[in-house]
Engineer: 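One structure, as C-alpha cells, below. Some questions next.
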Amino acid sequence: MAPESSTNPAWRLPPPSYHLLEALGLRLIAHIPVLRDYFQLNDEIPKQIMRTSIPVAIARITIHIVPILVSTVLIAMNLKGFYLGRTLPGVLISNDITAAMLQVLAKIQELLIVSSLSTIIFSAIRVQLLYGAGVPLGLLSSGFNFSQITYFWSEEYWGSMKAPIPRRMLFPFAFLLLTAGLIAVTAGPASAVLMVPRQQDYYAGVTSFYMRGLADDLQPNRVVGLESTMDELCLNSSATSLSTCPNGGFHSLMAYAMKQQDIKNGDNLRPPTLGITGQFAGQVVPIDSMTAHVSSSLLIGDIRGLACQTSVLAPWIPVAMYQEALYDDWYKAINTIVMDLKTLSQVGVAEYKYNFKVYLSTRTVLPIVRTACSPAQNASSEEMTVNFPILPEDSCWNDIVSANFPQFQSTPSSRLKVTWVPLPSTFGAASAGMIFESPWFHNGDSRIVVGCSIDARWADGRVTERDIGFSLNNLNQSESWGLAQMGLFSNFRPLNDGSWTQITLDESWLAALTPLNEPPSPSASNMTTFEMILQSSALIDENLLNASDPTIFWNEIFPGASNRTLFLEWITALLVSDGLSRYGSDRVLNSSGPPSEWSLMDYNKRPDSYSRFLGGTDALEPPQGFDYTTFEAEIHLEGLTYQAQSITDYLSIAVLLVHIILALGHIIYVFQAHQSSGSWGTITELLILAYGSRPVSSALRNVSAGIKCIKTYRKVAIVRAANLVRSTRDKLDGDHKHAELVLLADDGVKANPVDSSVERNNRRNTWPLMSSQLTSSIELSKYSRPTSSTTALLTPRNPRSRSEDSDTRRLFGGFDKQQRTELDEFYS
C-alpha cells in the first residue's frame, strides 16, 4: 500500500464501513448529517481508483454474501428435501398471503443476484480499462445493460465482437456478459420456484419387509393350484368367503357383472376422438376383501374397441398386505414425535402427521392378463372344432385358427358352460384357453361356441397403499401394440427386455379359480363360480335365445347392439387377473385357527422400530432359517414441501449454482489481489469521467447526436492517468493525477487530442460532454512505453508484442510490478 504521507493525506481514505454501504447500494445513509463529517463527504476530494486494502476489499464483496447464502440454503433444502405439512410456516393463517410474501422475497433475491453480477462485470471492466487491452465502446456500459435481454442482440454487443483487441480477452468477457444476462433474466423465476413450497409428493424414507421363499417361488412362471397349502379350502363351497383363494373376488365380480350386464357397441365403431368416456375408456373395478389382513384391491383395464385388445392389470396382494401393516405402524411412530426446534430435520419429521395423503410404494411384479375371443360359431353335438385367436408375443392379435378337441362333444343342456383347455404353441403366447358354450337352442341340435385365448404375465411395476394403486414401470410404445396416444392403448405392452414373464395357468389352479358353487337353487346345481357370474349378466338373454339365428345375432355389430364377445373377454380377463393377484397370499399368513385370528407371517418389529421407521432404516427382523425375498417399501407423503423433482426445479438450481460459482470466483480473485475499486459504478460517474477527459479529433466523428454505424462500437476505450497543471488551491489537496477516458483509433494508435485553438473555435458547436480545459505536455504516441517523468501518460501495452504478451491478463488477470506502483494513487 502507498504510504499515507502529507502528499496523500489520511483523511482522504474512507473507512471500510463506507465501502460496505457503497457495495450494498446504501451510500445515501452516509450523507446523514451525523455521518457526513465522519465519512468526509462535505467536499469532493481526490480519490483512489484502485485501492490495496483487505478490509476495503472485504467490504466491497459483501454484496455477494447474502445472495450466495440464500441460494445455498434454497439449493440444499430442495436437494435434501424438507417437509412443511399442510400449511406454510408463519403466523399468517392464509397460505396465499404467505406464498405472496415468499414471492416478494424471491424478487429481492433476484435483485441481489443482479447487483452481485453487476459488481463482477464492473470489476472486469475496470481491470481492462486500467491494465488490460481496453474495452470496446459497445461494452463500456455493459454493467448497466446486461440484465436487459435485448442487449444481447443489440448493435452495442455484436459491434464489439470485432473490436481490435485480442480474442482471448474479448470472447471470455463477452461470454461472461452472456452468462450474467441469462442468470439475470432467470434468477427471479428460479428463486421463486425454489423458495415457494409446492404441494407435491414427498419421499419420507424406506423400510424393508420379507416373504419366505425366493422370487421364483413367490411368482412362478407356472401357476399350480396344488402348491397352495389351502388347496382343500379353495376347492369347496367356502372358497368364495376366503380372500386368499384364487376365487376370493367372486362376490365383487358377481355384483359387477349384475350391474354392468353387457357392453354395447358405440365408440368402438367410430374414429378415435380427443375425449373418450364410457365403456371403451379405461375401466376400474373395485374388489372387496372377505378376510382379515388380506387387502382389498382395484382392477384396471381396457376393453377392445379403441384399444387393440382387452386387458386387465391387478396389484399383487401379498405386498399390499405388508404395506397396510407398515402404514399403521408408521402412523403410530410419527404420532410419538415431539417437535424440537433445535434440530431442523426433526421439525420436518414432526410435520409428517399433517398431510393430504400418505402411501407406501413397493417395487414388485404385477399380474396382467389379455384375453381374446373368436366370433361365435354354431356347433352341433358332433362338432369337435373350436376357433381360437392367435396371440403374438410382441403385438396385438389379428388371426384366428381352429383346433380339434375330442373331449368337446357334449349332450344338450339348458345352461351355459365354461371349459378350460390347454393351448399348444401354435396359438402364440397363450397361457390357457377357454371354451364358452351357450344353452342349447330350442331344437336341441346346436349351440353357440366361443373360443378364448388367455395371455397372463408377470410385469415389472409397483404396488401402492393405502388406496391400492399400482402401475407398470415401463411400457412398450411401439405401434404394434396399438395407439400410443390419448390414453387409447392397453396397459398390455410388454418390453423385450425380460422384465415381463410369461405365465402358464395349470389346470389345478384354474379349477381353484372356478370351483363349484354351493347351489342357491336346484337350477344352479353343478355350476362353477365363473358360470354363475356369466349367468347373472345379460350375456345370455331372451333376445339371443329367441333369435331366428342366435349365432348371427351374437356376431352382429352395429351401434347400440350388445357386443357379447367383448363382454366375455372383459369378464374373463377380470377373473383371471384377480385370481393371480391373490397368488401367494396364503404363504404370508399364519393360518392356524379361524380366519379371524390369522396374522402376517414374519412381521417381527425391532425394539427401536419407531425410530427406524422415521430414520428410513429396516424396522422388521428378517426371518431366520428360511430362504426369503426382501421387498423395500418407500414412504411417500403429499403436502407442502421443498424437494426438487421436476426439470424446472433442477434448471432453477443450475441457475443459482452458476451465480454462486461466478460470485465465489470474484471473491477469490479479490482476496488474492487484495485490490478493489468502486469507481464508475453508476452512469453518472461514467459520464463525469468522459466529461473530464480531453476531446479527440479522430476517434469519434459525427456522433454527438447519436450512433448509427455498428463499427463505431468497435472503438476501444482505456483509462490512463495524466498530470495536471494545477492552481495553488488545487495543490493543497496533495499530489495526485487526473484519470482520463482515452479512445484508440482503429489502427491501435491513441486518437490525438483536439488542439486548444481548434477547441476554442469549435467550442460552441461541440457537445459539452466532449469538451475539457485539461492540458498536457505529453504527446500520445503509438504504444509508447511510459517514461519515468511524472508528466507521462500511462499507455497500453502492445498485445501483439512478445515481450509484453506474458503480462497481458484476461478479465481478472493480475498486475505487473510497474502497474502495482500506481494502485494507490489519488486522482482528481
Side-chain angles (χ1 to χ4, degrees), residues 81 83 85-86 201-213 218 243-244 289 291-298 315-340 343 345-364 462-470 582 584-593 595-624 626 628-639 641:
Y83 184 78
R86 288 194 295 260
D201 182 90
Y202 180 80
Y203 176 77
V206 63
T207 190
S208 299
F209 61 92
Y210 314 93
M211 294 187 194
R212 295 186 186 183
L218 297 173
S243 296
T244 54
S289 174
T291 306
H293 299 292
V294 179
S295 303
S296 301
S297 66
L298 297 173
W316 193 45
I317 289 181
V319 167
M321 294 163 62
Y322 278 93
Q323 286 188 160
E324 189 168 354
L326 290 171
Y327 173 88
D328 293 336
D329 285 331
W330 182 83
Y331 238 110
K332 293 177 183 177
I334 63 174
N335 284 326
T336 63
I337 299 175
V338 178
M339 182 177 294
D340 184 6
T343 306
S345 60
Q346 192 76 358
V347 174
V349 173
E351 296 294 326
Y352 282 175
K353 62 179 71 116
Y354 307 111
N355 57 75
F356 297 105
K357 184 175 70 173
V358 179
Y359 68 91
L360 278 70
S361 176
T362 302
R363 183 170 184 175
T364 182
R462 304 191 75 88
V463 175
T464 59
E465 175 69 31
R466 296 263 304 169
D467 48 4
I468 313 298
F470 47 93
R582 303 172 188 281
S585 58
D586 57 305
R587 300 173 62 117
V588 300
L589 285 175
N590 184 358
S591 56
S592 59
S596 59
E597 298 178 2
W598 292 354
S599 61
L600 277 178
M601 191 175 293
D602 299 319
Y603 191 82
N604 302 315
K605 291 182 286 187
R606 298 176 185 265
D608 56 346
S609 61
Y610 281 3
S611 61
R612 287 176 170 269
F613 268 128
L614 302 175
T617 57
D618 296 340
L620 302 180
E621 295 277 3
Q624 302 296 325
F626 301 94
Y628 61 87
T629 301
T630 303
F631 296 86
E632 292 186 344
E634 298 176 356
I635 304 169
H636 296 261
L637 299 86
E638 185 177 317
T641 69

Engineer: Between the side chains of Tyr83 and Asn355, is a donor N or O closer than 3.5 angstrom to an acceptor N or O?
Structural biologist: no

Engineer: Apply side-chain contact (heavy atoms from CB on, under 4.5 Å) to residues Leu326 and Ile635 and explain how you reach the verdict.
Structural biologist: CA-CA 10 Å; Leu326 290 171; Ile635 304 169; over 6 Å; no

Engineer: Could you walk me through whether Tyr359 and Asp201 pass the side-chain contact (heavy atoms from CB on, under 4.5 Å) check?
Structural biologist: CA-CA 10 Å; Tyr359 68 91; Asp201 182 90; 2.4 Å; yes

Engineer: Minimum heavy-atom separation for Thr291 and Ser289, please, with both atom names.
Structural biologist: O-OG, 2.9 Å

Engineer: Between Tyr628 and Asp602, is there a side-chain heavy-atom distance shorter than 4.5 Å?
Structural biologist: no

Engineer: Given 3.5 Å as the limit, does a donor-acceptor pair link the side chain of Glu324 with the main chain of Ser295, or not?
Structural biologist: no

Engineer: Nearest 0.5 angstrom please: Glu632 CD to Leu360 CG, how far?
Structural biologist: 12.5 Å

Engineer: When rounded to the nearest 0.5 angstrom, what distance separates OG1 in Thr464 from CD in Glu634?
Structural biologist: 11.5 Å

Engineer: What's the spacing between Phe613 CZ and Trp330 CH2 if we round to 0.5 Å?
Structural biologist: 10.0 Å

Engineer: Quick one: CZ on Arg606 to OG on Ser611, what's the gap to the nearest 0.5 Å?
Structural biologist: 10.5 Å

Engineer: Closer than 3.5 angstrom, by distance alone: can the side chain of Asn335 be matched with the main-chain N or O of Lys332 as a donor-acceptor pair?
Structural biologist: no

Engineer: Which heavy atom of Val588 sits nearest to which heavy atom of Met321, and what is that distance?
Structural biologist: CG2-CE, 3.7 Å

Engineer: Would you check if the side chain of Arg582 reaches a backbone N or O of Thr244 as a donor-acceptor pair within less than 3.5 Å?
Structural biologist: no

Engineer: Could you tell me if the side chain of Thr362 sits less than 4.5 Å from the side chain of Tyr322, heavy atoms only?
Structural biologist: no

Engineer: Can you check whether Ala325's main-chain N or O pairs, donor with acceptor, with Tyr603's side chain at less than 3.5 Å?
Structural biologist: yes

Engineer: Without swapping roles, check the side chain of Ser208 against the backbone of Thr630 for a donor-acceptor pair under 3.5 Å.
Structural biologist: no

Engineer: Could you go through Asn604 and Tyr210, starting from their C-alpha distance and side-chain angles, then the distance that decides it, and tell me whether this counts as side-chain contact (heavy atoms from CB on, under 4.5 Å)?
Structural biologist: CA-CA 10 Å; Asn604 302 315; Tyr210 314 93; over 6 Å; no

Engineer: Taking all atoms of both residues into account, what is the closest heavy-atom pair of Tyr610 and Asp329, and its distance?
Structural biologist: CE1-O, 3.9 Å

Engineer: Rounded to the nearest 0.5 Å, how far apart are CG of Leu600 and CG of Asn590?
Structural biologist: 10.0 Å

Engineer: Between Lys353 and Arg86, which heavy-atom pair has the shortest distance, and what is it?
Structural biologist: O-NH1, 4.3 Å

Engineer: Between Ser243 (side chain) and Val294 (backbone), is there a donor-acceptor pair under 3.5 Å?
Structural biologist: no

Engineer: Please round to the nearest 0.5 Å and tell me the distance separating atom OG1 of Thr207 and atom CD of Gln323.
Structural biologist: 11.5 Å

Engineer: List the steps, then state whether side-chain contact (heavy atoms from CB on, under 4.5 Å) holds for Val319 with Met211.
Structural biologist: CA-CA 9 Å; Val319 167; Met211 294 187 194; 3.8 Å; yes

Engineer: Could you report the tightest heavy-atom contact between Gly213 and Leu218, atom names first, then the distance?
Structural biologist: O-CD1, 3.9 Å

Engineer: Looking at Arg212 and Arg587, what are the two nearest heavy atoms and their distance?
Structural biologist: O-NH2, 3.7 Å

Engineer: For residues His636 and Tyr202, establish whether the separation of their ring centroids is below 6.0 Å.
Structural biologist: no

